[in-house]
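What follows is one structure encoded as structure tokens, with my remarks underneath.
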Amino acid sequence: MTCTAKSNTDRIRELNDAFRRTFVGGAVMITAGVEAMPLDHRRALLQKVRSFEAFGEDNDPHGEHDFGAVDEAGERYFWKLDYYDRTMESGSPDPADPSITTRVLTIMRADEY
């Protein structure tokens, strides 16, 4: 890995962590299964996504902190970060550059994946 690739990965990870922890700077989408949860369970799920730190080789092979799985109320949920251009019409040409990237965090039941 080159220095540039490493620094891009580090920057993407920092941006992903900041967005996931605050839900500020992108769009948060929830699926019908998450919307149908009782409000207190949904709040607990969102807090688990925000505080998620269990990254490892299996769920973070590229070191970008863009995927995780958590349990809430006996169900398994996934969250996934994707990178779009500012028009939201195609992928971002450079996810390390927030001026041209819109981050989208999708939270879903595992069976909705």
Side-chain angles (χ1 to χ4, degrees):
M1 182 181 306
T2 68
C3 249
T4 303
K6 185 173 183 339
S7 63
N8 278 348
T9 299
D10 290 345
R11 182 68 177 142
I12 291 168
R13 182 175 51 249
E14 291 168 2
L15 291 165
N16 287 349
D17 285 344
F19 174 51
R20 180 180 43 81
R21 290 177 182 143
T22 65
F23 296 166
V24 173
V28 178
M29 309 301 288
I30 61 173
T31 60
V34 174
E35 178 68 28
M37 296 173 76
L39 183 57
D40 60 330
H41 291 262
R42 189 167 55 235
R43 284 182 180 152
L45 172 62
L46 295 178
Q47 183 54 42
K48 287 178 180 180
V49 171
R50 283 182 161 144
S51 62
F52 186 85
E53 293 293 332
F55 296 102
E57 288 289 322
D58 291 337
N59 68 353
D60 193 30
H62 302 290
E64 294 181 354
H65 290 190
D66 62 353
F67 176 84
V70 296
D71 295 320
E72 176 56 36
E75 296 286 338
R76 188 76 160 163
Y77 293 86
F78 295 150
W79 60 266
K80 174 74 176 107
L81 270 161
D82 294 296
Y83 319 114
Y84 293 92
D85 65 10
R86 285 297 190 182
T87 65
M88 299 285 289
E89 293 178 9
S90 62
S92 172
D94 182 4
D97 184 350
S99 71
I100 61 171
T101 303
T102 299
R103 283 178 159 66
V104 177
L105 173 65
T106 305
I107 305 168
M108 69 200 88
R109 286 175 47 135
D111 63 1
E112 293 177 304
Y113 188 66

Ignoring hydrogens, what is the shortest heavy-atom contact between [X] and [Y]? Give both atom names and the distance.
X   : Y   : value
F19 : L81 : CD2-CD2, 3.5 Å
H41 : A73 : ND1-CB, 2.8 Å
V70 : F52 : CG1-CD1, 3.6 Å
V49 : R20 : O-NH1, 3.1 Å

Quiz item: Side chains of H65 and N16: do they bring a donor and an acceptor to under 3.5 Å?
Solution: no
Exercise. Output all residues satisfying ring-ring contact (aromatic ring centres under 6.0 Å, His included) with Y84, sequence neighbours left out; order by chain, then residue number.
Key: none
Among residues at least two apart in sequence or on other chains, which ones pass side chain to side chain contact (heavy atoms under 4.5 Å, CB included) with [X]?
X    : answer
D71  : R76
D111 : R109
P98  : R11, L15
F67  : N59, F78, K80

Quiz prompt | side chain to side chain donor-acceptor pair (under 3.5 Å) partners for T101, two or more places apart | solution = S92
Quiz prompt | Set of side chain to side chain donor-acceptor pair (under 3.5 Å) partners for S51, sequence neighbours left out | solution = none
Quiz item: Apart from Y83 itself, what residues make up its hydrophobic cluster, given side-chain heavy atom links below 4.5 Å?
Solution: I12
Self-check item: Shared hydrophobic cluster, I30 / V104 (ILVMFWY, side-chain heavy atoms < 4.5 Å)
Solution: no
Exercise. Following the transitive rule for hydrophobic clusters with a side-chain heavy-atom cut-off under 4.5 Å over Ile, Leu, Val, Met, Phe, Trp and Tyr, establish whether M108 and V28 coincide in one cluster.
Key: no
Quiz item: Hey, what do you get for OH (Y113) to OG1 (T31), rounding to the nearest 0.5 Å?
Solution: 13.0 Å
Quiz prompt | Spacing of D82 atom CG and M29 atom CE [to the nearest 0.5 Å] | solution = 11.0 Å
Could you give all pairs that pass the salt bridge (charged side-chain N to carboxylate O under 4.0 Å, His left out) test and reach [range], with sequence neighbours left out?
range           : value
residues 91-103 : none
residues 54-65  : none
residues 25-51  : K48-E72

Practice problem: Sort and list the pairs that fulfil ring-ring contact (aromatic ring centres under 6.0 Å, His included) and have at least one residue in residues 21-40, not counting sequence neighbours. | Solution: none
